[in-house]
Structures are given as C-alpha cells and as structure tokens.
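Report on the following structure.
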Amino acid sequence: MAITAVLFDFGGVILSSPFDAFDRYERDHRLPVGFIRSVNATNPDDNAWARLERSEIDLDGFASAFEAESAALGHRIGGWDVLGLLAGDLRPEMVEAVRRCGERLATALLTNNVVGLEMNPAMAEVVSLFDLVVESSVVGVRKPDPAFYR
C-alpha cells in the first residue's frame with residue numbers, strides 16, 4: 001500500500017508547544033510545576049479548554065471558566081493570561097517538512113484551535129500550504145475524540 005497523505009498537528013509540531021510557555025508562566029508566578037496542565041487535564045471533556053476548542057464558549061467565557069477552574073484547584077489564574085501563552089513559535093524545520101511532503105503527498109493539518117485568536121501572517125502562510133485543514137472549532141469535536149478523525 002502506497003502512502004498518499006500525511007497528517008500534521010499544529011501546536012507542539014509545526015509550532016513550539018504551549019507547554020513551554022505554561023512552564024515559564026508557572027515559574028514566573030511561583031505556581032506548582034505543571035499546574036496549568038493539571039487544570040486542563042481536570043474534567044478533560046467538559047472543561048473550559050474542551051468547550052472553547054469545540055466553540056461552545058467564546059474567549060470571554062473561557063477566561064471566566066478557566067479562572068474559576070484554576071481557583072477551584074487552589075491557584076486563581078486569569079484565563080486571558082493563559083490565552084496569551086498559546087501563540088508559540090514556528091519551527092522552520094517542520095514548515096520545510098510540510099513543503100516537501102506537499103510536493104508529493106496530500107497534506108492535512110489537524111488542530112484543536114480556538115475561534116477569535118488572531119493568526120499572524122507567517123502562521124497563516126504555513127496554514128495555506130495544506131490541502132486540508134480540520135479545525136476542532138469548526139467541526140465541533142476535538143482531538144483525541146475518534147469523531148475528530150472521521
């Protein structure tokens with residue numbers, strides 16, 4: 001069987017991981033290591049992140065919900081602060097991999113994304129390299145739910 005397509009994730013693959021920014025934020029604010037990720041992992045199917053990535057709440061709704069969720073776990077963190085940590089940096093070697101794969105294969109970008117956050121021009125250019133973009137906020141389901149991949 002010949003390979004005809006390749007799938008890429010955005011955050012943590014094409015972009016640096018937001019986990020690096022979370023770690024810096026935690027250090028700078030003297031929070032427990034991994035705290036932001038622990039908020040995200042608590043009630044993973046229905047928490048603020050999950051609902052935002054499925055477009056069930058907007059950015060303001062996320063900010064309020066995340067702040068309440070983090071406070072319930074012992075450390076109140078502003079949701080807008082966390083949203084500001086999501087940008088990430090493009091990984092040039094991965095952008096080149098997308099370009100090369102696109103020369104011979106169909107390419108798809110699979111991403112848990114958020115409506116309302118602006119994409120800078122460099123990121124928009126990278127997104128334009130893909131034949132197909134599947135966004136959680138558009139399809140209403142997020143990775144790793146098997147329905148996302150269908």
Side-chain angles (χ1 to χ4, degrees), residues 6-102 107-130 132-150:
V6 63
L7 310 176
F8 289 89
D9 194 359
F10 207 42
V13 176
I14 306 296
L15 296 178
S16 60
S17 173
F19 292 168
D20 298 335
F22 293 171
D23 292 345
R24 281 190 303 277
Y25 183 93
E26 290 164 352
R27 277 192 309 275
D28 292 348
H29 292 85
R30 295 188 172 96
L31 294 166
V33 173
F35 181 74
I36 294 172
R37 283 182 264 184
S38 73
V39 176
N40 296 342
T42 301
N43 190 19
D45 296 325
D46 295 309
N47 66 19
W49 280 112
R51 293 183 300 150
L52 181 64
E53 289 174 342
R54 291 190 302 257
S55 292
E56 294 172 2
I57 57 175
D58 63 10
L59 296 175
D60 287 325
F62 169 83
S64 297
F66 187 89
E67 186 170 333
E69 290 171 1
S70 64
L73 294 173
H75 301 278
R76 183 177 304 276
I77 300 174
W80 284 105
D81 289 349
V82 174
L83 287 169
L85 302 173
L86 297 181
D89 297 315
L90 284 172
R91 293 178 168 162
E93 65 277 9
M94 291 306 301
V95 174
E96 182 60 23
V98 171
R99 280 194 185 102
R100 288 183 184 188
C101 287
T107 58
L109 176 64
L110 309 178
T111 185
N112 284 339
N113 72 333
V114 174
V115 170
L117 292 180
E118 289 189 33
M119 186 179 297
N120 72 43
M123 287 184 200
E125 182 179 336
V126 171
V127 170
S128 74
L129 297 174
F130 290 92
L132 175 69
V133 178
V134 181
E135 303 171 88
S136 63
S137 65
V138 173
V139 299
V141 64
R142 61 194 279 272
K143 298 177 290 158
D145 187 321
F148 179 86
Y149 302 97
R150 287 191 286 277

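Nothing fancy with the numbering, it's 1 onward along the sequence. Model, not experiment: these values are computed from the prediction.
Contact of the R27 side chain with the D23 side chain is registered, since non-hydrogen atoms from C-beta on lie closer than 4.5 Å. Side chains of L52 and L59 form a contact here, defined as non-hydrogen atoms less than 4.5 Å apart. A heavy-atom distance below 4.5 Å is found between the side chains of L90 and M123. By the 4.5 Å heavy-atom criterion applied to side chains, F8 and T111 are not counted as neighbours. Using a 4.5 Å cut-off on side-chain heavy atoms (C-beta onward), D46 and R54 make contact. Using a 4.5 Å heavy-atom cutoff, the side chains of F10 and V127 are in contact.
Minimum interatomic distance between F130 and I14 (heavy atoms only, all atoms of both residues): CZ-CD1, 4.4 Å. Nearest heavy atom pair, residue I36 against residue F66, reads CG2-CZ, 4.2 Å. I77 and S70 get closest at one heavy-atom pair: N-OG, 2.9 Å. Of all the heavy atoms in F22 and R37, the pair that sits closest is CD1-CG, 4.2 Å. Of all non-hydrogen atoms in V39 and N47, the two that sit nearest each other are O-ND2, 3.7 Å. Considering every non-hydrogen atom in both C101 and V6, the closest pair reads CB-CG1, 3.7 Å.
The distance from atom CG of D81 to atom CG of D28, rounded to the nearest 0.5 Å, is 11.5 Å. Rounding to the nearest 0.5 Å gives a distance of 10.0 Å between CG of L109 and CG of L129. In this structure, CG in N43 is found 7.0 Å from CG in D45, a value given to the nearest 0.5 Å. For the atom pair D145 CG and E53 CD, the distance stands at 12.0 Å (nearest 0.5 Å). Going from atom CZ of R142 over to atom CD of E56 covers 10.0 Å, rounded to the nearest 0.5 Å.
Listed for the S137 side chain is no donor-acceptor partner under 3.5 Å among the backbone atoms of S55. In terms of modelled atom types and a separation under 3.5 Å, the side chain of E69 and the main chain of A48 share a donor-acceptor contact. When atom types are taken as modelled, the side chain of D89 and the backbone of S16 share no donor-acceptor pair closer than 3.5 angstrom.
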Can you list the steps and then say if L110 with Y149 is a side-chain contact (heavy atoms from CB on, under 4.5 Å)? CA-CA 8 Å; L110 309 178; Y149 302 97; 3.9 Å; yes
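Take D9 and apply the side chain to side chain donor-acceptor pair (under 3.5 Å) test, not counting sequence neighbours, and it matches K143. By the side chain to side chain donor-acceptor pair (under 3.5 Å) test, R91 is found to be paired with no residue, residues two or more places apart in sequence or in another chain being considered.
The number of heavy atoms from other shown groups lying within 6.0 Å of CD (E125) does not exceed 12.
The cationic group of R51 does not satisfy the cation-pi geometry with F62, failing either the under 6.0 Å distance to the six-membered ring centre or the 45° limit from the ring axis.
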